[in-house]
Undergrad: 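Questions regarding the structure given below will be posed in turn.
Basis for what follows: all heavy atoms, side chains included, without hydrogens, waters or symmetry-related copies.
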2 protein chains.
Amino acid sequence: MDTTTLDIDAMRAAAGQATAVLSVLANANRLLLMCQLGQGEKSVGELEELLDLHQPTLSQQLGVLRAEGLVNTRRDGKKIYYSVADERVLALLATLYQLYCPRAGDSTR
Amino acid sequence: MDTTTLDIDAMRAAAGQATAVLSVLANANRLLLMCQLGQGEKSVGELEELLDLHQPTLSQQLGVLRAEGLVNTRRDGKKIYYSVADERVLALLATLYQLYCPRAGDSTR
DNA sequence: AAAACAATATATTGACAAACATAATACCGG
DNA sequence: CCGGTATTATGTTTGTCAATATATTGTTTT
């Protein structure tokens, strides 16, 4: 039996899932948003201040995160709170953090 | 002292590095290429057969990988061999594999 | 309950970059 | 100099980013 063809199809399917998420994270604003959300739930206003983005730009990128199912939202009065919805993305963020975030004042090293 | 501003700048710098790599991987063909290379050095011809791509398309994506410094090349006669150049990308690929590659016939589970 | 205000979302647009196909070009060994 | 191997050039189509302007939803004030 020819496992080659099967393998490549399965791989393409998995790659499709992965690239969907990678595409979302492959933007500095969105990646930073997800990093912030990785630390815990935040309101749009908080995110706006943390990242210093124009509000519509922020909202648009949050829309992308929503559309891909990477975040959950919760309304409380006027404010809307965002949080990370996908465990796998959390794991990915952790790996990225390890690899690309210089620990300038890291005393544990 | 205001650590807020400093933090966001440092984070943007790190995010820039990370998104550069994520952008490259956020394409199914390139991701599959890197996955193949993660298993070991391969010639262009081998990659072409594995992924079933038109050669110029393949070569163009390999060009992107080269431009971002994700791969090394080695010439042997007519053939050119590609391999993964960046440890961090290797780690990232491993994480992605864990998260998105279904282990259909995994007897260790 | 209507007006005013605050928080967030959507619409539209324009600049710019990505993807992939076809065709042409370079590199190497015999 | 020919055949095999790989890269570059170019054009078309499509997608992405972020800015300005406008709309929606919820709260407060009168």
Undergrad: Name each donor-acceptor pair under 3.5 Å that joins a side chain in residues 77-95 of chain A to protein atoms two or more places apart or in another chain, with its distance.
TA:
from    : atom 1 : to      : atom 2 : distance (Å)
A/Tyr82 : OH     : A/Arg66 : NE     : 3.1
A/Tyr82 : OH     : A/Arg66 : NH2    : 3.4
A/Asp86 : OD1    : A/Arg88 : N      : 2.7
A/Asp86 : OD1    : A/Val89 : N      : 3.4
A/Thr95 : OG1    : A/Ala91 : O      : 3.2
A/Thr95 : OG1    : B/Thr95 : OG1    : 3.3

Undergrad: Could you state the CD-P distance from B/Glu68 to C/dA18, rounded to the nearest angstrom?
TA: 9 Å
Undergrad: Could you pick out which residue, A/Val64 or A/Gly77, lies toward the 5' side of DNA chain D when each is mapped onto its nearest nucleotide?
TA: A/Val64
Undergrad: Without decimals, in angstroms, what is the distance between A/Leu51 CG and D/dA18 P?
TA: 12 Å
Undergrad: Quick check on contacts: within residues 27-37 of chain A, what sits under 4.0 Å from DNA chain C by heavy-atom distance?
TA: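 Those residues: none at all.
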Undergrad: Taking all heavy atoms of A/Gln39 and all of A/Lys42, pick out the closest pair and write down the distance.
TA: CB-NZ, 4.2 Å
Undergrad: If we only count heavy atoms from C-beta on, is the B/Arg74 to B/Asp76 side-chain gap below 4.5 Å?
TA: yes
Undergrad: Working to the nearest 0.5 Å, report the span between CG of A/Leu51 and OG1 of A/Thr57.
TA: 11.5 Å
Undergrad: Within this structure, what is the CD-CD distance for the pair A/Glu41 and A/Glu46, rounded to the nearest 0.5 Å?
TA: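 Reported value, rounded in 0.5 Å steps: 8.5 Å.
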Undergrad: Can you find a pair of side-chain heavy atoms, one from A/Val44 and one from A/Leu58, that are under 4.5 Å apart?
TA: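 Side-chain contact under 4.5 Å: yes.
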Undergrad: Measure the CG-OG distance between A/Leu47 and A/Ser59 for me, rounded to the nearest 0.5 Å.
TA: 10.5 Å
Undergrad: Counting heavy atoms not belonging to A/Gln55, are there more than 12 under 6.0 Å from its CD?
TA: yes
Undergrad: Take nucleotides 1-13 of chain C nucleotide by nucleotide from the 5' end and write B, S or -, depending on whether a protein heavy atom sits under 4.0 Å from the base, only from the sugar-phosphate, or from neither.
TA: -----SSBBB---
Undergrad: Five pairs per end, C1' atoms only: what is the angle between the end axes of the helix from C/dA1-D/dT30 to C/dC27-D/dG4, to 10 degrees?
TA: 30°
Undergrad: Take the protein atom CG of A/Asp52 and the nucleotide atom C1' of D/dA18, then report the distance between them rounded to whole Å.
TA: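 Result: 14 Å.
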Undergrad: Measure from CG on B/Asp76 to P on C/dC28 and round the result to the nearest Å.
TA: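 Whole-Å distance recorded here is 12 Å.
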Undergrad: Show every donor-acceptor pair shorter than 3.5 Å between a side-chain atom in residues 20-38 of chain B and any protein atom, with sequence neighbours excluded, or say none if there are none.
TA:
from    : atom 1 : to      : atom 2 : distance (Å)
B/Ser23 : OG     : B/Thr19 : O      : 2.6
B/Asn27 : OD1    : B/Asn29 : N      : 3.1
B/Asn27 : OD1    : B/Arg30 : N      : 3.0
B/Asn29 : OD1    : A/Arg12 : NH1    : 3.2
B/Asn29 : OD1    : A/Arg12 : NH2    : 3.4
B/Arg30 : NE     : B/Val24 : O      : 2.6
B/Arg30 : NH1    : B/Gln61 : OE1    : 2.8
B/Arg30 : NH2    : B/Ser23 : O      : 3.3

Undergrad: Is the shortest side-chain N/O distance from B/His54 to OP1 or OP2 of C/dA21 below 4.0 Å?
TA: yes
Undergrad: Supply the atom-to-atom distance A/Gln17 CD to B/Cys101 SG, rounded to the nearest 0.5 angstrom.
TA: 9.0 Å
Undergrad: Can you sort out the partners of A/Gln98 under side chain to side chain donor-acceptor pair (under 3.5 Å), two or more places apart, ordered by chain and number?
TA: none
